[in-house]
2 protein chains.
Amino acid sequence: MTLKEGKDKFIQSWGALGSSWGINRTMAQIHALLLISPEALSAEEIMEELQISRGNANMNIRALIDWGLVYKELKPGERKEFFVAEKDMWEVVKNIIIQRKKRELEPMLRVLDEISSVDPESDEAREFIEVIREIKLFSNKADSTLDTLVKSDSNWFVGTFMKMIK
Amino acid sequence: MTLKEGKDKFIQSWGALGSSWGINRTMAQIHALLLISPEALSAEEIMEELQISRGNANMNIRALIDWGLVYKELKPGERKEFFVAEKDMWEVVKNIIIQRKKRELEPMLRVLDEISSVDPESDEAREFIEVIREIKLFSNKADSTLDTLVKSDSNWFVGTFMKMIK
DNA sequence: TTGTTGATTCAGTACTTTTTGAAACTTGGT
DNA sequence: ACCAAGTTTCAAAAAGTACTGAATCAACAA
């Protein structure tokens, strides 16, 4: 396989993977392109390489920066902005967990709290409250597990989980 | 809050959560409805409750069964099929992990293997291979971690992770 | 075999999300 | 103050996804 073929295949697959991970296809493709790019790229270069419009490139680059998956790099003397990807996979996964936890898990926890206040006036209501209580318990556990995971560093991950797997 | 309001809010929120988890909104809503339903429901009842078409209900119920999140329940004497949700959250999460691992992580691992065969003829190619090698290492680790997680039971999860959190 | 009840399929439609591209804005140099 | 190089925004268009409903299929009962 040639380098070009390999790169293209990687960008395509990373894009597909991203789109089932709450990161849209283009966003993931930009990330892939930057991951395998030895140097920082400008918006122009990204547009060119992925055949996308200026607006699309700009919006997705900013989103990647928001998610902490890409950094701006300013070259002295150059007005243009350049971009590099976070290349440590553990950091990448951590940042995705942080973002998705904030966007998805935390709002759900709030809703679960709210709906716990349903009047326990009927048997049905009491059953409902019980089901919600169990979901809340599980979700809180998941929430704190993720917090711990995110606070830990890469070596911890490798160590603990490798041991776990044996 | 009344029972009806609570139920509706739960169904809405679960639907929203699902749609960022590779489970479409309606699928997640059906799951939510079944979760908080004391008895098994028929397709008709689900259609009625969520105001969706027969086709939509049928397709999403089948998808939920595929994912192992809902079971068919046949009542003796009744021709109609009834459905119940898997209510153990740990089972739910496990099944989602299994499905998504199969659909997303495993194809990615295959692609990473393929593109490792790029000719290391230039410095650039060698750098590319190295980046891919690191991603592969991480992904394999994630893959086996998930395998272990999925093989373990609910108590293990509660025990180990609670300890981890302290 | 025919009628009835329920499940499934799928082409067309509705809805949602992403992308484009041109205009507006920003920044720094002259 | 003005220009040039670059960035950001956003309304409209395109692409992608989900939903509907009518037709079809399957199972059983009479």
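Per chain, numbering begins at 1; letters A, B, ... match sequence-line order.
Classification of the B:Phe138-A:Trp90 ring pair by plane angle, with boundaries at 30° and 60°, yields tilted.
Taking 3.5 Å as the limit, the base of D:dT8 and the side chain of A:Arg62 contain no donor-acceptor pair of atoms between them. A:Arg54 contributes no side-chain N or O that forms a donor-acceptor pair with the base of C:dA22 under 3.5 Å.
If you measure from atom CG of A:Asn60 to atom P of D:dT7, you get 15 Å, rounded to the nearest angstrom. Taking atom CG on B:Leu41 and atom C1' on C:dG6, their separation rounds to 17 Å, with Å as the unit. Going from atom CD1 of A:Ile61 over to atom P of D:dG6 covers 14 Å, rounded to whole Å. Remark: C1' of C:dA7 and CD of B:Glu78 are 15 Å apart, rounded to the nearest angstrom. Between the C1' atom of D:dC19 and the CD atom of B:Gln51 lies a distance of 14 Å, rounded to the nearest Å. Here the C1' atom of nucleotide C:dG6 and the CZ atom of B:Phe83 are 11 Å apart, to the nearest Å. We find that CG of B:Leu50 is positioned 11 Å from P of D:dC19, with the value rounded to whole Å. The nearest whole Å value for the distance from the CD1 atom in A:Ile46 to the C1' atom in C:dT19 is 16 Å.
Put simply, B:Asn56 has a side-chain N or O that comes within less than 4.0 Å of OP1 or OP2 on D:dT20. Within the 4.0 Å cut-off from OP1 or OP2 of D:dC19, at least one side-chain nitrogen or oxygen of B:Thr26 is found. The side chain of A:Asn58 contributes no N or O atom lying less than 4.0 Å from OP1 or OP2 of D:dT7.
Nucleic acid contact for A:Glu44: none, since no nucleic acid atom lies under 4.0 Å from a heavy atom of the residue. B:Ser42 comes within 4.0 angstrom of nothing in the nucleic acid, heavy atoms only. Residue-level contact check: B:Asn24 touches the backbone only, with heavy atoms under 4.0 Å from sugar-phosphate atoms and none from bases.
In the set D:dA27, D:dC19, D:dT20, the nucleotide with an atom closest to the side chain of B:Arg79 is D:dA27. With distances taken from any side-chain atom of B:Met59 to the nucleotides C:dG21, D:dC10, C:dT9, the minimum falls on C:dT9.
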Item to complete: Kindly determine whether A:Gln29 and A:Arg25 satisfy side chain to side chain donor-acceptor pair (under 3.5 Å), including the steps that lead there.
Response: CA-CA 6 Å; A:Gln29 286 182 344; A:Arg25 193 214 303 296; 5.7 Å; no
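The residue among A:Glu81 and B:Met27 whose nearest nucleotide of DNA chain D is located toward the 5' end is A:Glu81. Heavy-atom distances to DNA chain C give each of B:Arg25 and B:Lys80 a nearest nucleotide, and the one nearer the 5′ end belongs to B:Lys80.
Of all heavy-atom pairs spanning A:Ser116 and A:Ile132, the tightest one is OG-CG2, 4.0 Å.
Within the 4.5 Å cutoff, side-chain heavy atoms of B:Glu45 are placed close to those of B:Phe82.
At least one donor-acceptor pair closer than 3.5 Å links the side chain of A:Arg126 to the backbone N or O of A:Pro120.
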